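What follows is one structure encoded as structure tokens, with my remarks underneath.
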Amino acid sequence: MDLLIKETAEIIKESKFTLAFTGAGISVESGIPPFRGEDGLWNKYNPEVLDLGYYMNNPEECWVYIREIFYDFFADAKPNKAHQVLARMEHEGLLHSLVTQNIDNLHQEAGSRIVHEFHGNSKRLVCRKCGEVYDANKMDLKKIPPRCVADQEILKPDFIFFGEGISPSAFENSFADAEKCQVCIIVGSTGEVTPASHVPRAAKQNGATIIEINPRESLFTDSVTDIHLQGTASKVLAQLEQYLFSQKESV
Ligand code: NAD
């Protein structure tokens, strides 16, 4: 594994444009469970509360669960080593774009600047009537549902619900970067969610080398992955960091 990590670091160093594509798995070590799998959120909650049609008809009921999942439970989550290494790679010119399916804002909190939020961001609440955007951290969510100051409309978290379209700018920027990248690093994604999972597939079609970091196999592993670094995101990215920045640290 050590040799494979070292070789992978060399491939990343040689790449002129590297894209990271992250899923729920990168935030597991920050204490945020994924949706799917044994400890997944869908074993505890009904995904219906995030269905746009159901939400529009039952916002008060949905907000009880939305608050519990996204604003009580996840509120104290902090970026972990994996988020930090990706941010450092960007700062040092080794990562040029990041597409995340996550809505937890942890990449931004770790210092990543070029983040395409494919599924939006839970830290923003939006008024669907007038478009006003609110910072969720500054809202008093003891009283739900939260409402727009201007028109009293119920605010919706600014992430994509089931049945809702992807923001055109996030979609276009993600695929534009996928098409020009030479290396794509997939971290912690099952590859089951479309159209997000088409991003690394577009990279592969355009000749990129696909590196996957995941303790388990995913739908990507046997279809597009060139190098599978089998392990948790923080452990593998910490190992990669050592080789990526080894010269700098020994000076
Ligand atoms: P997923 O929930 O379908 O799968 C998680 C993947 O992470 C699995 O392949 C699993 O093997 C892997 N994994 C688990 N622990 C890991 C670790 N420590 N390090 C690396 N990988 C690990 O995730 P998904 O494919 O990203 O799709 C779910 C959708 O749900 C996403 O689109 C996302 O919007 C949303 N979601 C987001 C969050 C978040 O913002 N943190 C949390 C749950 C779900």
Side-chain angles (χ1 to χ4, degrees), residues 20-47 49-52 65-66 68-86 98-110 112 115-124 136 157-167 170-171 174 184-201 210-225 227-240:
F21 174 81
T22 65
I26 194 168
S27 295
V28 165
E29 291 161 280
S30 292
I32 304 181
F35 281 163
R36 294 170 181 73
E38 258 172 63
D39 302 319
L41 285 169
W42 298 149
N43 290 330
K44 191 172 168 205
Y45 295 97
N46 185 345
V49 298
L50 295 185
D51 178 272
L52 188 63
Y65 298 102
I66 290 170
E68 189 173 315
I69 302 171
F70 298 99
Y71 302 103
D72 290 345
F73 192 34
F74 293 178
D76 296 329
K78 297 275 178 294
N80 64 52
K81 182 70 184 172
H83 299 102
Q84 288 160 3
V85 173
L86 292 181
L98 193 158
V99 175
T100 188
Q101 299 173 84
N102 295 343
I103 56 174
D104 55 26
N105 205 45
L106 293 183
H107 286 298
Q108 294 86 338
E109 285 175 37
S112 287
V115 182
H116 302 305
E117 298 171 341
F118 207 86
H119 291 154
N121 192 319
S122 64
K123 301 294 176 189
R124 295 188 300 265
D158 195 16
F159 58 75
I160 303 303
F161 280 35
F162 297 116
E164 196 172 7
I166 308 297
S167 118
F171 188 93
S174 300
C184 173
I185 309 171
I186 306 171
V187 190
S189 178
T190 54
E192 287 175 24
V193 179
T194 56
S197 64
H198 296 314
V199 171
R201 292 184 189 283
I210 310 293
I211 298 161
E212 179 174 15
I213 301 173
N214 197 318
R216 287 181 280 279
E217 296 204 341
S218 72
L219 292 183
F220 296 119
T221 315
D222 288 332
S223 54
V224 294
T225 300
I227 302 169
H228 182 194
L229 301 176
Q230 205 159 1
T232 63
S234 65
K235 190 172 172 209
V236 172
L237 278 159
Q239 288 172 323
L240 264 176

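Owing to the predicted nature of the structure, the values given are computational and were not obtained by experimental measurement. Atoms within a ligand are numbered from 1 in the order they appear, just like the ligands themselves.
Taking only nitrogen or oxygen atoms, main chain and side chain alike, Asp104 reaches within less than 3.5 Å of ligand 1.
When the heavy atoms of Asn214, Thr221, Ile32 are ranked by distance to atom 11 (O) of ligand 1, first place goes to Asn214. For atom 19 (N) of ligand 1, the candidate residues are Ala233, Ser197, Gly188, Ala196; the nearest heavy-atom contact is made by Ala233. Of the candidates Gln230, His107, Gln101, the one placing a heavy atom closest to atom 34 (O) of ligand 1 is Gln101. Of the options Leu50, Leu229, Thr190, the smallest heavy-atom separation from atom 1 (P) of ligand 1 is shown by Thr190. Counting heavy atoms only, Phe35 comes closest to atom 35 (C) of ligand 1 of the residues Phe35, Phe118, Phe220, Phe70.
Remark: Ser234 OG to Gln239 CD distance equals 9.5 Å, nearest 0.5 Å.
Using a non-hydrogen distance threshold of 4.0 Å, Pro33 registers as a contact of ligand 1. Distances shorter than 4.0 angstrom do not occur between any heavy atom of Ser218 and any atom of ligand 1. At least one heavy atom of Glu29 sits closer than 4.0 Å to an atom of ligand 1.
For atom 16 (C) of ligand 1, the nearest protein heavy atom (residue, atom name, distance) is Gly25 O, 3.5 Å. Among all non-hydrogen protein atoms, the one lying nearest atom 27 (O) of ligand 1 is Val193 CG2, 3.5 Å. At the shortest separation from atom 14 (C) of ligand 1 among protein heavy atoms lies Arg216 NH2, 3.6 Å. Protein heavy atom in closest approach to atom 37 (C) of ligand 1: Asn102 OD1, 3.7 Å. Of all protein heavy atoms, the one lying nearest to atom 28 (C) of ligand 1 is Arg36 NH1, 3.3 Å. Closest to atom 40 (O) of ligand 1, if we only count protein heavy atoms, is Ile103 N, 2.8 Å. Distance from atom 2 (O) of ligand 1 to its nearest protein heavy atom, with residue and atom name: Pro34 CB, 3.0 Å. Residue, atom and distance of the protein heavy atom nearest to atom 26 (O) of ligand 1 are Ala24 N, 2.8 Å.
Proximity of the aromatic rings of Phe21 and Phe118 is defined here by a centroid distance below 6.0 angstrom, and this criterion is not met.
In this structure, a donor-acceptor pair under 3.5 Å is present between the side chains of Gln108 and Glu117.
Between Phe35 and Phe162, the angle of the ring planes lies from 30° to 60°, which puts this pair in the tilted group.
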